[in-house]
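Written out below as structure tokens is the structure these notes cover.
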Amino acid sequence: MMVPQDETTAAWWDATRQRRLTVQRCAACGHHQHYPRPVCLACGGPEPPLVDVTGAGIVETFTVVRRAPSPAFTAPYAVAVVALAEGPRLLANVEPWPDVTIGARVQVRWRALDDGRNLPYFAVV
């Protein structure tokens, strides 16, 4: 499966090649944000640089998908909003799905893509 990238997200995807989870941190105001955007959402500062984050987070909400949308997916699986320790929220799979609860502590893990990039997901710890 090919995951799209563009000029705004290319550096983020490049970091995944080394299995580094990154978010943007505004140089002007310190605001952390994800997904990569051309401006800071807090102050409008231009091109916030990427910084590495720990990958530790907490599940804020989730759903269990029991009917796969296509043969490329194997149900059941959990999709969650994960609040990273640094503040931003990511939408990602969490495994193992039966152990996912609101408030569960999770840590980033990586799944290899065919093109050398890696896709982050989270594991309950």
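These numbers come from the heavy atoms of this one structure, side chains and all, not from hydrogens, waters or symmetry mates.
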Original post:
Just by distance, do the side chain of Gln33 and the backbone of Leu41 share a donor-acceptor pair under 3.5 Å?
Top reply: yes

Subject >> From CD (Glu60) to CG (Leu90), nearest 0.5 Å >> reply: 11.0 Å

Subject >> Gap between atom CG of Asp6 and atom CH2 of Trp12 - 0.5 Å precision >> reply: 12.0 Å

**OP:** Any chance you could lay out the salt bridge (Lys or Arg N to Asp or Glu O under 4.0 Å) test for Glu95 and Arg111, step after step, and finish with the verdict?
**Re:** CA-CA 12 Å; Glu95 297 177 0; Arg111 185 163 289 115; 2.7 Å; yes

Original post:
Any idea which heavy atoms bring Phe62 and Ile102 closest together, and the distance?
Top reply: CE2-N, 3.8 Å

Original post:
To the nearest 0.5 Å, how far apart are CG in Leu21 and CZ in Arg109?
Top reply: 12.5 Å

Subject >> Modelled atom types, side-chain donor and acceptor of Arg117 and Gln5, under 3.5 Å >> reply: yes

Original post:
To the nearest 0.5 Å, how far apart are CZ in Arg105 and CZ in Phe122?
Top reply: 14.0 Å

Subject >> ILVMFWY network linking Leu84 to Val59, side-chain heavy atoms under 4.5 angstrom >> reply: yes

Original post:
Got a second to check how far Tyr35's OH is from Gln24's CD, nearest 0.5 Å?
Top reply: 10.0 Å

**OP:** Kindly compute the distance separating OG1 (Thr61) from CG (Leu91), expressed to the nearest 0.5 Å.
**Re:** 10.5 Å

**OP:** Would you check if the side chain of Gln107 reaches a backbone N or O of Thr54 as a donor-acceptor pair within less than 3.5 Å?
**Re:** yes

Original post:
Among Ile58, Val108, Val94, which one satisfies side-chain contact (heavy atoms from CB on, under 4.5 Å) with Val82?
Top reply: Val94

Original post:
Under a 4.5 Å cut-off applied to non-hydrogen side-chain atoms, are Leu50 and Val23 in contact?
Top reply: no

